[in-house]
Amino acid sequence: MSGARAKKTPLLRDAILPLVVLACALAAWEAAVYFWDIPSYVLPAPSLIAATLVKDRAILFASLIVTLRTALEALALATIGGVALALLISRSRLMERALMPFAIVLQVTPIIAIAPLLLVYLAPAEAVLVCAFLVAFFPILANTSLGLASVDRSLVELFDLYRASPWQKLVLLRAPAALPQFFAGLRIGGGLALIGAIAAELAAGAAGQGAGLAFRISEAGYRLDIPRMFAALALVSLAGIVIYAGLTALSRLALVRWHESARGLED
Amino acid sequence: MTVGVAEPLVSLRGIGKSFANGVAALENFDLDLRDGEFLTLLGPSGCGKSTALRLIAGLATPSAGVIDWRDSAAAHNIGFVFQEATLLPWADVFANVYLPLRLAGKTREAAAPLVRETLALVGLADYETALPRQLSGGMKMRVAIARALVTRPRLLLMDEPFAALDEVTRFRLGDDLLAMKQRLDTTIVFVTHSIYESVYLSTRILALSARGGATVDAIDIDAAIARDEEFRTSSEFAQYCRRASAALRCAYGEELR
């Protein structure tokens, strides 16, 4: 009995409390709009935003799917590319010196500055995908590299003592040891992929092309359709939450047996 | 070859080891390791004890001198226990002990009897599926010892394995280690800071000086003495400890009194 109660308390605190706060904030917002009679083109009430979401659902949810799919495709490509390059770099110092500067240049150049150029060379959908890929790539590369490089020295020596092949060292030691850092990189990359996709969609939207959520935001902005802007913004948040929650669950699933980072709530 | 004195398992002759930063851990270091002995290297931090172990294990190469093995098969079957248990945190106890056999290409099925037997030997038969984080420090060290013994090495090298454990656990592990040694007929080289531990466990103690690892004193302890509580409280034990203590003080650079 007491065990069940002890388990219930954190759930109550962690899930219900934020929802109550959210409900209160929305109610206050609704009341403020009603009380001061704020016009919807200045600040739409939450109820109007919800109604807009329902009314424009066909167009908005189609855009949500486009943005979410672009971000996830870019994340998948960034994962493959980032892990592959991290493995290559971990095999040789020369590779690291040759390739890392380019990865860093890409990382420090703001994606919003690259997007217009990519839109010149590529179709809008492709340009958005490439932008999202570029921003998600670096954190996955950097974190996986760090994970592969920071394996316990004594364990490496143990594998040396038993004459392990490079392949055995990778599969049995370095890859599992790098998983926590890899997943940290993946979670950052997931959030950034969405930002990259949104930034590129905004740039594409400025050119009057596109189908994603950010395009809907700029499109609605031109028409001063503020409720729809808010509705699209809510869906962008939802996309971010879906990506973050999905990756957190994946990371937890992979690490919960042994790694402290995934065990916080259990002990 | 002198009749009656067995050829050493491994001989280190004129061994020097300096690191890239110019520090010389060992200078002109000699050691004859006798088959079946329990040799303890006793000395201050940085005297080259661990370096000597790593050279014997082949984890480092000497800058000077030769390491001569009587039997090259023994050179390729060495167990090593580090100061920390250094287990794979994601793998259970069985998988950790199975690791050396896995690296040698043995299947899990083929290795299972040997892994189970070794786990029973260290007293962890019931913990096959436990993860390292679920074990106490002493139990983790038992897993590390099982992993080192699973290949049935002729030589077991132990680098301050009990340094992080409490005294009761140390005593118990020491006794169990001696029982395992007898059962498997393993030669052991043990590195420690502890005088009492070295006297209780060893058949020979080499006290090494703080610089370059020169042998300050070599103390033979009669292997026939039973290692038990009685020995630990005997006057003989106290005498050995006094001599080892004097050697250690000398190793630190004080006068031998």
Side-chain angles (χ1 to χ4, degrees), chain A residues 3 83 86-87 90 93 143-144 146-187 248-267, chain B residues 50-51 53-61 75-93 95-106 108 111 129-135 140-141 143-145 147-151 153 155-161 164:
Chain A
V83 170
L87 286 173
S90 79
R93 265 263 185 281
N143 279 277
T144 309
L146 181 70
L148 288 171
S150 47
V151 179
D152 184 338
R153 255 185 68 99
S154 296
L155 276 172
V156 176
E157 291 199 324
L158 185 81
F159 275 65
D160 285 338
L161 183 76
Y162 293 112
R163 290 168 189 75
S165 67
W167 176 250
Q168 284 176 321
K169 264 191 211 167
L170 175 66
V171 174
L172 297 177
L173 178 62
R174 286 146 60 82
L179 272 188
Q181 281 94 339
F182 163 74
F183 275 111
L186 191 66
R187 282 212 295 272
T248 303
L250 194 67
S251 159
R252 212 178 141 74
L253 201 68
L255 301 178
V256 73
R257 273 185 83 224
W258 64 277
H259 200 259
E260 292 306 324
S261 69
R263 301 186 43 76
L265 277 175
E266 289 213 347
D267 293 324
Chain B
S50 300
T51 306
L53 276 200
R54 292 165 44 77
L55 288 171
I56 297 171
L59 291 173
T61 43
H76 289 130
N77 189 4
I78 294 174
F80 201 108
V81 177
F82 298 88
Q83 188 167 353
E84 306 286 332
T86 43
L87 305 175
L88 302 174
W90 53 84
D92 64 18
V93 166
N96 267 292
V97 175
Y98 166 45
L99 182 72
L101 300 174
R102 183 174 189 176
L103 292 175
K106 270 205 170 170
R108 204 180 158 91
T129 56
L131 287 167
R133 65 174 170 81
Q134 297 166 320
L135 304 177
K140 280 184 204 162
M141 190 45 74
V143 178
I145 293 171
R147 181 179 61 193
L149 291 177
V150 78
T151 60
L155 177 60
L156 177 61
L157 305 172
M158 307 182 85
D159 190 1
E160 298 185 48

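Just so it is clear: chains get the letters A, B, ... in the order the sequence lines come, proteins before strands, and each one is counted from 1. Just so we're clear, the structure is a prediction, and the values are computed from it rather than from any experiment.
- Contact between B/Pro89 and A/Trp258 at its shortest, heavy atoms only, is O-CB, 3.2 Å.
- In terms of non-hydrogen atom pairs under 4.5 Å with chain A, the most contact-rich of B/Leu131, B/Asn77, B/Ile78 is B/Leu131.
- Here salt bridge (Lys or Arg N to Asp or Glu O under 4.0 Å) pairs that include residues 154-175 of chain A, with residues two or more places apart or in two chains, are A/Arg153-A/Glu157, A/Glu157-B/Arg54, A/Asp160-A/Lys169.
- The distance from atom CG of B/Asn96 to atom CG of A/Leu158, rounded to the nearest 0.5 Å, is 9.0 Å.
- Applying the ring pair (Phe, Tyr, Trp, His ring centres under 6.0 Å) test to B/Phe82 and every residue at least two apart in sequence or in another chain returns B/Phe80.
- Between A/Arg257 atom CZ and B/Gln134 atom CD the span is 8.5 Å, to the nearest 0.5 Å.
- Heavy atoms closer than 4.5 Å to chain B are found nowhere in A/Leu179, neither backbone nor side chain.
- We find the OH-CG distance between A/Tyr162 and B/Leu99 to be 8.0 Å, quoted to the nearest 0.5 Å.
- Residues B/Ala57 and A/Leu161 approach most closely at O-CD1, 3.7 Å, considering heavy atoms.
- In this structure, the portion of B/Leu87 lying under 4.5 Å from any heavy atom of chain A is its backbone and not its side chain.
- Across A/Ala177, A/Pro176, A/Ala164, the residue that shares the most heavy-atom pairs under 4.5 angstrom with chain B is A/Pro176.
- Comparing B/Gln83, B/Glu84, B/Arg102 by heavy-atom pairs within less than 4.5 Å of chain A, the highest count is held by B/Arg102.
- Rounding to the nearest 0.5 angstrom, the gap separating the CH2 atom in B/Trp90 from the CG atom in A/Leu173 is 5.0 Å.
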